[in-house]
Q: 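Sending over a structure as structure tokens; questions will come in a sec.
Chain letters run A, B, ... following the sequence lines, proteins first and then strands; every chain starts at 1.
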2 protein chains.
Amino acid sequence: MQGYDKYAFEPFAVTVDLAVLTLRAGALHVLLVERGQEPFAGRWALPGGFVLPRESAETAARRELAEETGLSDVSGLHLEQLRTYSDPDRDPRMRVVSVAFTALLPDPPEPHGGGDAAQARWLPYDQARPLAFDHDGILADAHDRVGAQLEYSCLATAFCPPEFTLGELQNVYETVWGVELDRPNFRRKVLATPGFVEPVPGAARLTGGRGKPAALYRAGTATTLHPPLLRPSREGRPA
Amino acid sequence: MQGYDKYAFEPFAVTVDLAVLTLRAGALHVLLVERGQEPFAGRWALPGGFVLPRESAETAARRELAEETGLSDVSGLHLEQLRTYSDPDRDPRMRVVSVAFTALLPDPPEPHGGGDAAQARWLPYDQARPLAFDHDGILADAHDRVGAQLEYSCLATAFCPPEFTLGELQNVYETVWGVELDRPNFRRKVLATPGFVEPVPGAARLTGGRGKPAALYRAGTATTLHPPLLRPSREGRPA
DNA sequence: ACTCTTTATAGTCGTGAAGACTATTAGTCG
DNA sequence: CGACTAATAGTCTTCACGACTATAAAGAGT
């Protein structure tokens, strides 16, 4: 891009789309809004909106996240740019380039519902499709990304409340990956990774009534996992 | 994003920026163009340009890649979306949202120089800064991403010609990571990963005259490395 | 021709991480 | 009080990997 001829380019509308994921009742859920107008009227879609003139995409995404979830403080929530979707025909009305984000919530509040969205609610990830526009693909990309990031980052704690048990942390991995993990081994691995979690002294919580109370942990200072926590059975043992 | 009020959004210019990386003489190089106009006249910048009305960002990026490198066939080259940069003030003239891509080239052709760029050339990665606009940050992000992807993907072969020796493949890792790897161990690890590389039967190449000729390999069918090839000395052995 | 250097390739050894599994502890529920 | 449940502790075996040594195949120098 050298000289800027003001007639050398077409102006595009720039939006953000949010794949807001959470764990509810042991299942992965995604925050969706019901579309009121055509196209895709009545269809569920990822929340999002236009980037305002003086906003970066990140700022717009966090603003939309606050509006759609109704949470007063979204500053601590994990929000990360996923990818930009720019197919010329992804919106039948006009040329829209959308910067997609993934957001991870620990405890799911009932969605605000307000804003300009006709209706907002959590839907189980498996029952979300078909979504409007190219949102099926965006949602799939978000799931892939989060699943991969669980392997080599401390992202899993973003799904958990400030204080959590190792069982809850394990549930994050098992739910997102769709696999079962061995509990003692998971525990050994997590505790052996410096900075992943740190114990809350003297605290314990009953996970739901039955069983031995679990010790509580907080997210540690580390951001990356070295070595990573690899998901099992990807290529299996050959032969 | 519900209804589209045509006055509800500001039109943005959408561009692509390319971080084109290659290995020259054992050092990481990046393709840069010299800016002709203000702002940042005379400063080096990442190649890029406007997304055309009927293009996706990916299409625009591949078109720019062909223009800037002068290569006739860029269809086989590794090109991947990096991230979108949307700070309102990243271009002093107007509101420009840029979708950045990383591209990896095996053998560096002398850059075309033509196109609308004043001048295009390969610069060693370490001597590239300071670049125009926010391109220092984009370049750093590209380097980070490529370095991370070497760990868990077969990306390294994108830096190599169609047939390469394991020594050349190891040079990719060593150059991008800036570390030295043990040759026998690297060899064992690569060959033990199914689908990473496959031998070219009966072929051998002298790496540069001296020494035993090395066997040639081709890129395999795998795309991800399981388990990953972790870079050493990140957190060291504690205690 | 012989040796030295260089690079590729083969193999060895010890440590440690991780999967599979068993045992114990500390709670609730009937 | 026992049955049940979930957390936590510990064992054993396998295997990946870092460190290291040895051998093979080429060119360069004398």
Q: Rounded to the nearest angstrom, tell me the gap between atom CG in B:Asn171 and atom C1' in C:dT7.
A: 12 Å
Q: Taking the nucleotide of DNA chain D with the nearest heavy atom to each, does B:Pro184 or B:Leu229 sit closer to the 5' end?
A: B:Leu229
Q: For B:Leu181 and D:dC17, what is the distance between atoms CG and P respectively, to the nearest whole Å?
A: 13 Å
Q: Checking A:Thr193 side chain against A:Phe196 main chain: does a donor-acceptor pair fall under 3.5 Å?
A: no
Q: Over all strands shown, is A:Ala192 touching base, sugar-phosphate only, or nothing at heavy-atom distances under 4.0 angstrom?
A: nothing
Q: If you only use heavy atoms from C-beta on, which nucleotide in D:dT8, C:dA8, D:dC17 is closest to the side chain of B:Ala214?
A: C:dA8
Q: Just verifying a value: how many Å separate B:Leu65 CG and B:Leu71 CG, rounded to the nearest 0.5 Å?
A: 7.0 Å
Q: Ignoring the backbone of B:Arg183, work out which of D:dT8, D:dA28, C:dA8 is nearest its side chain.
A: C:dA8
Q: In whole Å, what is the span from the CD atom of A:Gln170 to the P atom of C:dG19?
A: 12 Å
Q: When you measure from the side chain of B:Lys212, which nucleotide among C:dC21, D:dA24, D:dA7 comes out closest?
A: D:dA24
Q: Specify the separation, in whole Å, of atom NZ of A:Lys189 and atom P of D:dG10.
A: 20 Å
Q: Distance criterion of 3.5 Å, no angle test: do you see the side chain of B:Arg188 paired donor-to-acceptor with the base of C:dG11?
A: no
Q: Any N or O donor-acceptor pair linking the side chain of B:Asn185 to the base of D:dA19 at under 3.5 Å?
A: yes
Q: Rounding to an integer number of Å, can you tell me how far B:Asp182 CG sits from C:dC13 C1'?
A: 14 Å
Q: List for me each residue that meets side chain to side chain donor-acceptor pair (under 3.5 Å) alongside B:Asp141, sequence neighbours excluded, and say none if there are none.
A: B:Tyr85
Q: Using side-chain contact (heavy atoms from CB on, under 4.5 Å) as the criterion, list what pairs up with B:Asp144, not counting sequence neighbours.
A: none
Q: Would you mind classifying the nucleic acid contact of A:Arg187 as base, sugar-phosphate or nothing, using non-hydrogen atoms under 4.0 angstrom?
A: sugar-phosphate
Q: Rounded off to whole Å, could you give me the CG-to-P distance for the B:Leu230 and D:dG18 pair?
A: 8 Å
Q: Is any side-chain heavy atom of A:Leu225 closer than 4.5 Å to one of A:Cys154?
A: yes
Q: Of the nucleotides D:dT8, D:dA25, D:dA28, which has the atom closest to the B:Pro213 side chain?
A: D:dA25
Q: If I take atom CD in residue B:Glu168 and atom C1' in nucleotide C:dA8, what distance separates them, rounded to the nearest angstrom?
A: 13 Å
Q: What's the CG-C1' distance between B:Leu225 and D:dC17, to the nearest Å?
A: 15 Å
